[in-house]
Amino acid sequence: VSNPTANLTDAERAQAIRVRADRLFSETYARLVKRTDRLFGALMLGQWLFAIILALAISPRAWAGSQWSAHVHVYAAVALGAAISSLPLYMIATRPGAFATRFTVACAQMLWSALLIHLTGGRIETHFHVFGSLAILAFYRDFRVLVPATVVVAADHFARGMYWPESVYGIANPDWWRFLEHAAWVVFIDVFLVLQCVQATQDLRDGAERHAEVEFLSESERQKTEALNTALSELENSQDALIRNERLAAVGQLAASVGHELRNPLTAIRNAHEYIGKKIDLSASNGSHPGGDERVKRFRGVIERELDACSKIISDLLDFARARSPVRRPYPLRALVTESIELVPKRSNVTLVNEVPEDLAVPEVDRDQFRQVFVNLVQNASEAIHEENSGEVRIRAEADERRFSIVVADNGSGIPHDVRERIFQPLFSTKTKGTGLGLAIVQSTLKRHGASVQVDSKPGLGTTFTIELPRVSSHGESQIGATSAHPVG
Amino acid sequence: LVFAVAWLLAISGGMGILYAHQAASGDPAEAPRNWPSESRVARDPLRHTLVMLAHPRCPCTRASIDELAMLMSRLSGRLSARVVFIKPNASDAQWESSSLVASAARIPGVTVIVDEGGREATRFGSRTSGQVLLYGVGGELEFAGGITPARAHMGDNAGFDRVVSLVTRSGSDQRASKVFGCALFDEEEP
């Protein structure tokens, strides 16, 4: 497993952390600015609503004797308030996070201060709105927004002092610089807010750098852990495979030995049984008693059947243990399937159908081994159909320039998912009388032919085994991979 | 940028209109130089008497009443005040039941008077709510004007300072100031 961070020099590592920290800072700052934009969006709407309520509560009507009309404050709250909030709301909706947006927000917020001060009759308490707004603008952590805010406040006082001095200062001819008195206090607050913005931004950057370093260390540790886990997993798999191979090798040797040792006594038993059988038949033809006894006939049948079963088990064990290299000769596949079907025990409820085309190209296979493959697959398929159901097993095949594709499909009970993974393991069987070697022999035989087998099964609908057999070149080598001839187990 | 500038100009224009309205004073009083003898408002023969003509529903006059409260606090014991709330002939029975009247009545040294048909306002020649007239101990008019810096706004203002100086004899020479408030009479009335 490669570790891209493992081979970096200290300088490269520092540079990587710096780049990551810059990106984290930018992302965090963008989120912060957009969040503050949304805050001001809500504030713009809230202030507008508040101003309308304020105007309706304090100064809803202007009077002339007994006649009244709506007070100019109501118009100002509705129309001027809407105008003040409109552009920042538009900017927040269309360009969240942009500097122009917070610039507009800063101007609008200070205009709101001016309007609210006016609507409340110039009360000194409402002037706190100016300083509160500056503090909220500092949420942006961008001291530049304080500049337009301060300019708007100063310009408002300058204009009022210039054109309506009595409304601000209570005297008709104030000194021109009086507006600076008010602006100076705003600047006083600005100084500290600027310091706060700079410090908060630096804190944000420091946090991003720490985050990047932790990420870097975490990634490095994660990659090391991943590599270690992979190595451990591979080691465990290797150990499992080794143990399995050793066990199979031991079973194979034992099977070969037992099979070999049992074959001779079994042959003797079979010969003795045949002799006794002939004698009994002869006696029966002479009218003696034992041959006519129905129980004797039945027991002779049992002995023959069980002898055949023992021969089959020994044959399977020896086939699996010996793992003979295939001797490949051209042999028609349809004929081979027909021979195999004839060797499979017949079941009244199962139809075996050979659908291999007669004109199919002729493969080069070890006839005996491949017949064993078909016998095992077709017999398994036949036995997968319950006695109370009728079913069929179809064998079909096709060929292209590179391979033969042979399918053995049944409509039996199917293979449960948890069983499917183990069906090719030697000595695994779900049958009461199975050796658990049938499909293991199929797989090992096909491997020796350079072929593969896939199984697809739907419980309750049936199972399909698909063999992919590469066509053999004139030099006797398969076109897809070399022929494997190593013994299994 | 063009939109932003246009927006800023539009807002500035709106604020300008608002400020102009705020700074627009009402019609000044043509007050008699001496206390009108036919007036039913009682003059204090021992100290200065301040008469404020007010509209009980005028929101702008809230600032005048608040300033009067400060004035009375500052000139405690040296000034008598009468707030004359006009009651037009066509008004309903609840006309003078306003928070403004209640606020004026709570100010120490202030007497609240309901002016049926605006007769007293006419006698004192006043046409704008918040109009203040200051008469001396001898009944001569010493000051006529308002005691707020702008319409509906509190704060430092020349009228307030003048009343204080006249009562305390501290020497301000301003004899008049602008008055801010609703009209006391209907548009068609003289």
Side-chain angles (χ1 to χ4, degrees), chain A residues 55 57-69 71-77 79-88 90-91 100-101 103-104 107-108 110-112 114-115 117-124 148 152 155-156 159-160 162-172 174, chain B residues 1 3-4 6-8 10-25 55-63 66 86-92 95 118 121 127 129 148-161 177-178 180-189:
Chain A
I58 295 178
S59 48
R61 295 172 177 176
W63 291 85
S66 58
Q67 297 172 337
W68 64 269
S69 57
H71 199 281
V72 70
H73 283 185
V74 177
Y75 294 118
L80 198 54
I84 291 173
S85 290
S86 60
L87 187 61
Y90 173 77
M91 296 288 283
T101 300
F103 185 94
T104 310
C107 293
M110 305 325 287
L111 288 169
W112 263 116
L115 182 58
I117 287 169
H118 183 89
L119 293 179
T120 55
R123 286 180 175 276
I124 195 70
V152 167
D156 176 62
R160 287 169 63 190
M162 182 71 74
Y163 297 106
W164 308 282
E166 287 176 283
S167 71
V168 189
Y169 308 115
I171 53 178
Chain B
L1 185 63
F3 276 122
W7 170 77
L8 206 54
I11 303 295
S12 301
M15 296 297 282
I17 293 170
L18 203 57
Y19 291 148
H21 172 266
Q22 171 191 339
S25 57
H55 191 296
R57 305 289 176 90
C58 172
C60 320
T61 305
R62 166 67 58 188
D66 289 344
I86 189 169
K87 184 176 184 183
N89 291 326
S91 58
D92 56 43
W95 176 259
R127 303 190 59 79
S129 182
T148 61
R151 186 185 289 264
H153 274 59
M154 292 180 68
D156 295 342
N157 65 91
F160 186 98
D161 293 344
S177 69
K178 293 175 183 174
F180 303 94
C182 294
L184 290 171
F185 299 102
D186 292 357
E187 297 287 348
E188 64 273 16
E189 292 182 38

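Per chain, numbering begins at 1; letters A, B, ... match sequence-line order.
If you measure heavy-atom distances from A:Y90 to chain B, you find no contacts under 4.5 Å at all. For B:L184, the part lying near chain A is the backbone, with the side chain staying farther off; criterion is any non-hydrogen pair under 4.5 Å. When heavy atoms are compared at a cutoff of 4.5 Å, A:I58 approaches chain B solely by way of its backbone atoms N, CA, C and O. Neither the backbone nor the side chain of B:A121 comes within less than 4.5 Å of any heavy atom in chain A. In this structure, the portion of A:I117 lying under 4.5 Å from any heavy atom of chain B is its backbone and not its side chain. Interface remark: A:R61 contributes backbone atoms only to the contact with chain B (heavy atom separation under 4.5 Å). Proximity to chain B (any heavy atom under 4.5 Å) is shown, for A:A108, by both the backbone and the side chain.
Considering OG1 of B:T148 and CG of B:D66, their distance stands at 10.5 Å, rounded to 0.5 Å. Separation of atoms CG (A:L115) and OG1 (A:T120) is listed at 9.5 Å; rounding is to 0.5 Å. Summarising the geometry, atom OG belonging to A:S69 is positioned 6.5 Å from atom OH belonging to A:Y75; distances are rounded to the nearest 0.5 Å. Within the model, atoms NE2 of B:H21 and NE2 of A:H73 stand 7.0 Å from one another, a figure rounded to the nearest 0.5 Å.
Interface summary for chain A: among B:A150, B:A152, B:C58, the most heavy-atom pairs under 4.5 angstrom belong to B:A152. Here B:I11 is the residue among B:I17, B:N89, B:I11, B:D92 with the most heavy-atom pairs under 4.5 Å with chain A. If you tally non-hydrogen atom pairs under 4.5 Å between each of B:A63, B:G14, B:A183, B:G118 and chain A, the highest count goes to B:A183.
Under the 4.5 Å side-chain criterion, counting only non-hydrogen atoms from C-beta, B:M15 is in contact with A:L80.
At most 12 heavy atoms of other shown residues, nucleotides or ligands fall within 6.0 angstrom of atom CZ in A:F103.
Side-chain rings of B:H55 and B:W95 approach one another, their centers coming within less than 6.0 Å.
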